[in-house]
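Notes follow the structure.
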Amino acid sequence: GMAAVIGVFRASALRAASARCTAAQLAAAQRVLPVPCASDGGERAAPRECAPRRGHRSHSAGYSPKRCSMAAAAGRPRCPTRPFGATGLEMPVLSCGGMRHDSAAALDAVVDRAMAFGVNHFETARMYMGGRSEKDFGRSLRRYPRESFILQTKVAPKRDPKKFRSELVSSMANLQTDYLDLFAFHGVNRTTELDYVLREGGCLEVAQQLQKQGKIRHIGFSTHAPTPVILAAIESGAFDYVNLVRTTPSLPATHPSTCS
């Protein structure tokens, strides 16, 4: 289904503002950016320019995939784009997320519809559907020229950088790609995970080595962390972008959590 590119900021701007950024301000920033996310039950309204045109019927009211595909081919409607963090990429304000799907055939239909309307950012993670999400996206996206879409996956940092490298390389194989446009450390939710990334000889160095080899273009992180952990990650200067899903100010920075 459609997922959201939510809470993506230019890291340098956040670093400059971090000293005066409060949990309330960070939460307010998030409220400006979210759009519907079928994969996690989001119900917020889409940006106006992404909404159906006046008179455009919903699927339940006789929506015609053929008519909409023809409209997209004619150049309307198209999903607008925004600059994505410090990557230089023009990102559609809607993304096609891979947390779950019913079948490979269903994913093909979603990918085709997304591409038709200019939603060409596909975001998944190694843990989604036990790895099936990456494999199904890899198979489905091979039907399109590689340069026509923005591909992102996420892998959780590990205590053992060798294990992390093995999993990241395996994820790229699942996706049947020679390079990732975007890679995110998945679920940097505690200082523990952040240390796995930033410590000398840690997971960041592994990702940067792959970046030098042309296998990763931009490195970021995803998080549900308390504000202090998010700001510590930003202030490190190590990342091109942040996938900021939500803040949990009441959750201690050392509280056990899982990636999502």
Quiz prompt | Minimum side-chain heavy-atom gap Leu180-Leu168 below 4.5 Å | solution = yes

Quiz item: When rounded to the nearest 0.5 angstrom, what distance separates OG1 in Thr81 from CG in Asn120?
Solution: 9.0 Å

Exercise. Give the minimum heavy-atom separation between Thr177 and Tyr179, together with the two atoms involved.
Key: OG1-O, 2.7 Å

Quiz item: Just how far is it from atom CG of Leu198 to atom SG of Cys203, taken to the nearest 0.5 Å?
Solution: 10.0 Å

Quiz item: Are any non-hydrogen side-chain atoms of Val110 and Cys96 less than 4.5 angstrom apart?
Solution: yes

Practice problem: Determine the minimum heavy-atom distance between Ala184 and Ser222, stating which atoms define it. | Solution: CB-N, 4.1 Å

Exercise. May I ask you to check whether Tyr241 and Phe183 place their ring centres under 6.0 Å from each other?
Key: no

Quiz prompt | Closest heavy-atom pair and its distance - Gly201, Pro161 | solution = O-CG, 3.2 Å

Self-check item: Short side-chain donor-acceptor distance under 3.5 Å, Thr124 and Ser133
Solution: yes

Quiz item: Which heavy atom of Leu89 sits nearest a heavy atom of Thr87, and at what distance?
Solution: N-OG1, 3.0 Å

Quiz item: Where do Glu123 and Lys154 land on the side chain to side chain contact (heavy atoms under 4.5 Å, CB included) test, with the steps shown first?
Solution: CA-CA 8 Å; Glu123 190 257 18; Lys154 308 187 293 291; 2.5 Å; yes

Practice problem: Go through the side-chain N and O atoms of Asn243 and Gln152 and say whether any donor and acceptor fall under 3.5 Å apart. | Solution: yes

Quiz item: Looking only at heavy atoms, what is the nearest atom pair of Phe185 and Pro157, with distance?
Solution: CD2-CB, 4.2 Å

Exercise. Look up atom CD in Gln209 and atom CG in Leu204, then write down how far apart they are to the nearest 0.5 Å.
Key: 10.0 Å

Quiz prompt | Side-chain touch Tyr196/Asp160, heavy atoms, less than 4.5 angstrom | solution = no

Exercise. Of all the heavy-atom pairs spanning Met99 and Tyr128, show the shortest one and how long it is.
Key: CA-CD1, 3.4 Å

Quiz prompt | Heavy-atom side-chain proximity of Leu182 to Ile150 below 4.5 angstrom | solution = yes

Quiz prompt | Sequence neighbours excluded, every pair satisfying salt bridge (charged side-chain N to carboxylate O under 4.0 Å, His left out) that has a member inside residues 207-232 | solution = Asp181-Arg217

Self-check item: pair Val93-Cys79: side-chain heavy atoms closer than 4.5 Å
Solution: yes

Quiz item: Could you give all pairs that pass the salt bridge (charged side-chain N to carboxylate O under 4.0 Å, His left out) test and reach residues 162-178, with sequence neighbours left out?
Solution: Arg126-Glu167, Lys158-Glu167

Exercise. Would you please name every residue forming a side-chain contact (heavy atoms from CB on, under 4.5 Å) with Ala106, sequence neighbours left out?
Key: Asp102, Ser103

Quiz item: For Ile230, does its backbone N or O pair with a side-chain atom of Thr223 as donor and acceptor, under 3.5 Å?
Solution: no

Quiz item: Who pairs with Phe221 by ring pair (Phe, Tyr, Trp, His ring centres under 6.0 Å), at least two apart in sequence or on another chain?
Solution: Phe239

Practice problem: Quick one: pull up CG in Leu175 and CD in Glu134 and give me the separation to the nearest 0.5 Å. | Solution: 4.5 Å

Quiz item: What distance separates His186 NE2 from Ser171 OG, expressed to the nearest 0.5 Å?
Solution: 11.0 Å

Exercise. Check whether Met115 and Leu151 end up in the same hydrophobic cluster, where Ile, Leu, Val, Met, Phe, Trp and Tyr are linked by side-chain heavy atoms less than 4.5 Å apart.
Key: yes

Quiz item: Looking at NE2 of His218 and CD of Gln211, how far apart are the two atoms once the value is rounded to the nearest 0.5 Å?
Solution: 8.0 Å

Quiz item: Hey, does Asp195 have a side-chain heavy atom less than 4.5 Å from the side chain of Thr191?
Solution: no

Quiz item: When the ring planes of Phe137 and Phe122 are compared, do they come out parallel, tilted or perpendicular, using 30° and 60° as the limits?
Solution: tilted

Quiz item: Which residues satisfy the side chain to side chain donor-acceptor pair (under 3.5 Å) test with Glu205, sequence neighbours excluded?
Solution: none

Exercise. Give the cluster check for Ile216 versus Phe149: same hydrophobic cluster or not, with ILVMFWY residues linked at side-chain heavy-atom distances below 4.5 Å.
Key: yes

Exercise. Indicate whether any N or O donor in one side chain lies under 3.5 Å from an N or O acceptor in the other, for Ser95 and His121.
Key: yes

Exercise. Write out all pairs satisfying side chain to side chain donor-acceptor pair (under 3.5 Å) with one or both partners inside residues 135-144, taking only residues at least two apart or from two chains.
Key: His101-Asp136, Asp108-Arg139, Asp108-Ser140, Asp112-Arg143, Asp112-Tyr144, Arg132-Asp136, Ser140-Arg143, Arg142-Gln176

Self-check item: More than 12 heavy atoms from other groups under 6.0 Å of CZ on Arg199
Solution: yes

